[in-house]
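Remember, it's a predicted structure, so these values are computed and weren't measured experimentally. The residues of the chain are indexed from 1 along the displayed sequence.
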Amino acid sequence: MASAASPPWVILGSVSRVTASDADLPPGADLSLALPAPPRVANLTIPPRIFPGRTTPDNFPSVLAVDASGLLLLHADQGPATGPTVIDLPNRQEFCWLPTVAGYFVLDAKSASAFPLPNAKYIMHPGHLGLLASPADDGHYMVAELQMIVGGDTADILCFSSQVGEWVIKKVGYPLPSRVLGPNGVVSHAGRLWWVDLSWCLLTSDPFADAPVLKVVPLPEGKALKPREAWGLLDKYRCVGVSGGKLRFVDMYRNRNASGAAQISVWTLADPDSTEWTLECEATFGEICDDVSYKATGLPRKIPVLALIHPTNPDVVYFFLDEYMLGVDVRARKLVECEVYELVEPPSEHVATRFVHAWQLPRALCSGNYALTFSVDSCCCFP
C-alpha cells in the first residue's frame with residue numbers, strides 16, 4: 001500500500017456516505033475517510049451494518065462532533081422501529097412510538113473501529129450531545145447530553161464514559177430562565193463541553209467531574225435574539241468554534257456597520273473562565289468582493305453562507321457560495337482559498353454550518369504512520 005501524509009486538519013462533511021454492502025470496505029474496517037486538504041471537503045464512508053436504514057432527507061447518518069484524538073461521534077439510526085420505545089430510569093419513565101431505532105456510535109479513525117453506544121434511546125436530542133476526550137490523554141472519552149425541562153431549576157447531564165461502560169446521570173443546577181435552549185451543537189474546549197445556542201448563550205461544564213456545575217457564557221453584547229428568532233436558519237449566519245486555542249463566535253446575522261453594509265465579525269472569548277468577548281476583526285462583504293483576489297475568481301457579488309472558522313488561524317473564515325468553498329482572511333479583507341466542494345448532502349441551497357466540522361487530525365493520521373490507501377482524492381481506508 002502507498003503511504004502519504006494527510007493535511008493537519010480537514011473540513012469534514014457531517015453527512016456520511018453509506019456503501020451498498022459491508023463488503024465494499026476492507027475486511028475489519030468500519031469506516032473509510034477521504035481527506036483532501038481544505039477548502040475541499042473530507043467525507044466519511046460507513047457500511048450498512050452501521051446505518052442499515054434507507055437514507056432520506058429526514059434520516060441520514062451524521063457526524064455530531066469531532067476530536068483531535070481521532071474520535072468522531074456519529075448519529076446513525078438503526079432502521080424502522082418495530083415496537084414502542086420504553087425508557088425506565090429512576091427519574092424518567094417514557095412510553096412512545098418513534099419511527100426509527102436510535103443509534104449512536106463513537107468512531108476511532110486511527111483504528112477504523114465503531115463502538116455502538118448502548119441504550120441509545122436514553123438520548124433526547126442529538127443537538128445537545130457532545131464528545132470529550134479524557135484530559136488525562138489515556139484514550140478514554142466521555143459522551144454527554146444536557147437534558148433539561150424548560151422552567152426547571154435543575155437539569156441532567158447524561159454521561160457515557162468509556163471507562164465506566166454505562167450511562168450515568170449527573171444532576172446539575174440549571175442557571176437559565178424559562179426558555180428553550182437552541183440545539184446548535186456542542187463544542188469541546190479546555191477540558192469542558194460547551195452547549196451552544198446561537199441565539200442566546202453558551203452553557204459549559206466538565207462532564208468528567210463528580211459534581212459538575214453549569215456556567216453561562218452570554219453572547220457578545222447586543223447579539224442575543226428573541227426566543228425562536230431565525231430558528232432553524234441561524235446556523236447559516238453564525239457559528240461557535242475553537243481557533244488558535246480559544247473559543248470564537250462568528251456572526252453575520254443582521255450584522256451591519258454604521259453605513260448599513262453587511263459584514264462578518266469574529267469575536268474571541270479571552271479564556272475559558274471569562275464571560276467577556278472581544279471583537280477580533282470584521283469586514284464588510286463589499287470590501288471583500290472589491291479586493292483583487294475575489295475579482296479574479298469571477299464569482300458573483302452576493303452574501304455567502306457561513307461554513308466554519310479555521311481551527312488555527314482565527315482571521316480566516318470559510319463560506320459556501322454556490323458550489324464553491326471560500327476561505328476569507330477577514331482581517332486582510334481578501335480571499336485566500338477557493339475550490340469546488342463536494343458534500344454528500346445537502347444540496348447547496350440548504351447548506352449551513354451544521355453540515356461541516358473543522359477537524360484537527362491526530363498526529364498518526366498526519367504523519368502517514370498508519371497504512372493508508374490513497375486515491376487521487378486522498379481517500380484512505382484503515383484496515
Side-chain angles (χ1 to χ4, degrees), residues 64-69 71-73 75 89-92 104 106 117 120 122-138 140-220 224 239-243 245-249 267-277 354 357:
L64 302 177
V66 300
D67 191 86
S69 64
L71 298 179
L72 305 173
L73 179 59
H75 179 202
L89 295 172
N91 62 336
R92 182 181 165 204
Y104 294 86
V106 175
L117 294 176
Y122 295 164
I123 297 166
M124 296 176 67
H125 198 300
H128 293 310
L129 191 69
L131 170 70
L132 183 65
S134 169
D137 195 27
D138 54 6
H140 288 288
Y141 59 83
M142 181 79 77
V143 175
E145 182 195 15
L146 180 61
Q147 299 180 337
M148 75 296 288
I149 297 176
V150 176
D153 57 5
T154 62
D156 294 335
I157 300 181
L158 179 69
C159 301
F160 180 88
S161 164
S162 59
Q163 284 183 303
V164 176
E166 62 182 10
W167 293 101
V168 175
I169 295 175
K170 299 183 180 182
K171 282 285 186 184
V172 291
Y174 191 67
L176 293 175
S178 179
R179 170 172 165 170
V180 175
L181 186 73
N184 297 131
V186 186
V187 176
S188 60
H189 172 57
R192 303 182 201 163
L193 290 179
W194 302 71
W195 288 271
V196 178
D197 181 338
L198 293 171
S199 71
W200 191 16
C201 65
L202 283 66
L203 287 174
T204 182
S205 186
D206 175 9
F208 282 101
D210 293 333
V213 176
L214 277 179
K215 175 187 171 185
V216 182
V217 179
L219 294 182
C239 72
V240 170
V242 178
S243 179
K246 294 184 178 181
L247 210 59
R248 317 285 177 165
F249 170 63
W267 299 77
T268 298
L269 193 67
D271 65 75
D273 296 318
S274 173
T275 58
E276 298 295 325
W277 298 86
R354 68 181 178 275
H357 297 278

Side chains of S243 and R248: donor-acceptor distance under 3.5 Å anywhere?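 Not at all, the side chains of S243 and R248 share no donor-acceptor pair under 3.5 Å.
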
From CA spacing to verdict: side chain to side chain contact (heavy atoms under 4.5 Å, CB included), M124, M148: CA-CA 10 Å; M124 296 176 67; M148 75 296 288; over 6 Å; no

Interatomic spacing from [atom1] in [X] to [atom2] in [Y] - rounded to 0.5 Å:
X: S274; Y: L269; atom1: OG; atom2: CG; result: 5.0 Å
X: L129; Y: L73; atom1: CG; atom2: CG; result: 5.0 Å
X: S69; Y: L132; atom1: OG; atom2: CG; result: 9.5 Å
X: S199; Y: N184; atom1: OG; atom2: CG; result: 7.0 Å
X: L214; Y: L146; atom1: CG; atom2: CG; result: 5.5 Å
X: D67; Y: S188; atom1: CG; atom2: OG; result: 5.0 Å

So which heavy atom on [X] is nearest to which on [Y], and how close?
X: P218; Y: C201; result: CA-CB, 4.0 Å
X: V187; Y: V240; result: CG2-O, 3.8 Å
X: A155; Y: Q147; result: CB-O, 3.4 Å
X: P183; Y: H128; result: CA-CE1, 3.6 Å
X: L193; Y: A144; result: CD1-CB, 3.7 Å
X: V150; Y: R179; result: CG1-N, 3.7 Å

Is there a donor-acceptor contact under 3.5 Å from the side chain of [X] to the main chain of [Y]?
X: W167; Y: L117; answer: no
X: S161; Y: Q163; answer: yes
X: E145; Y: H125; answer: yes
X: R354; Y: L64; answer: no

Report yes if some heavy atom in the side chain of [X] is under 4.5 Å from a heavy atom in the side chain of [Y]; otherwise report no.
X: L198; Y: L219; result: no
X: V106; Y: L72; result: no
X: W200; Y: L176; result: yes
X: D197; Y: L202; result: no
X: C159; Y: P207; result: yes
X: V172; Y: V213; result: no
X: K171; Y: N91; result: yes
X: S134; Y: Y141; result: no

Step-by-step side chain to side chain contact (heavy atoms under 4.5 Å, CB included) determination, Y174 to I149: CA-CA 9 Å; Y174 191 67; I149 297 176; over 6 Å; no

Does a sphere of radius 6.0 Å around CG in L89 hold more than 12 heavy atoms from other residues, nucleotides or ligands, not counting ones at 6.0 Å or beyond?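 It does: L89 CG has more than 12 such atoms within range.
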
Pair K170 + D156, salt bridge at N-O below 4.0 Å: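 D156 and K170: not salt-bridged.
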
Decide salt bridge (Lys or Arg N to Asp or Glu O under 4.0 Å) for K215 and D206; before the verdict, give the C-alpha distance in whole Å, the side-chain angles of both, and the deciding distance to 0.1 Å. CA-CA 10 Å; K215 175 187 171 185; D206 175 9; over 6 Å; no

Evaluate T204 against W195 for side chain to side chain contact (heavy atoms under 4.5 Å, CB included), listing each step before the verdict. CA-CA 6 Å; T204 182; W195 288 271; 5.8 Å; no

Does the plane of the ring in W194 sit parallel, tilted or perpendicular to the ring in H189? Use 30° and 60° as the thresholds.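 Because their plane-to-plane angle lies in the 30° to 60° range, the rings of W194 and H189 count as tilted.
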
Passes side chain to side chain contact (heavy atoms under 4.5 Å, CB included), L181 versus L203? Steps please. CA-CA 10 Å; L181 186 73; L203 287 174; 3.9 Å; yes

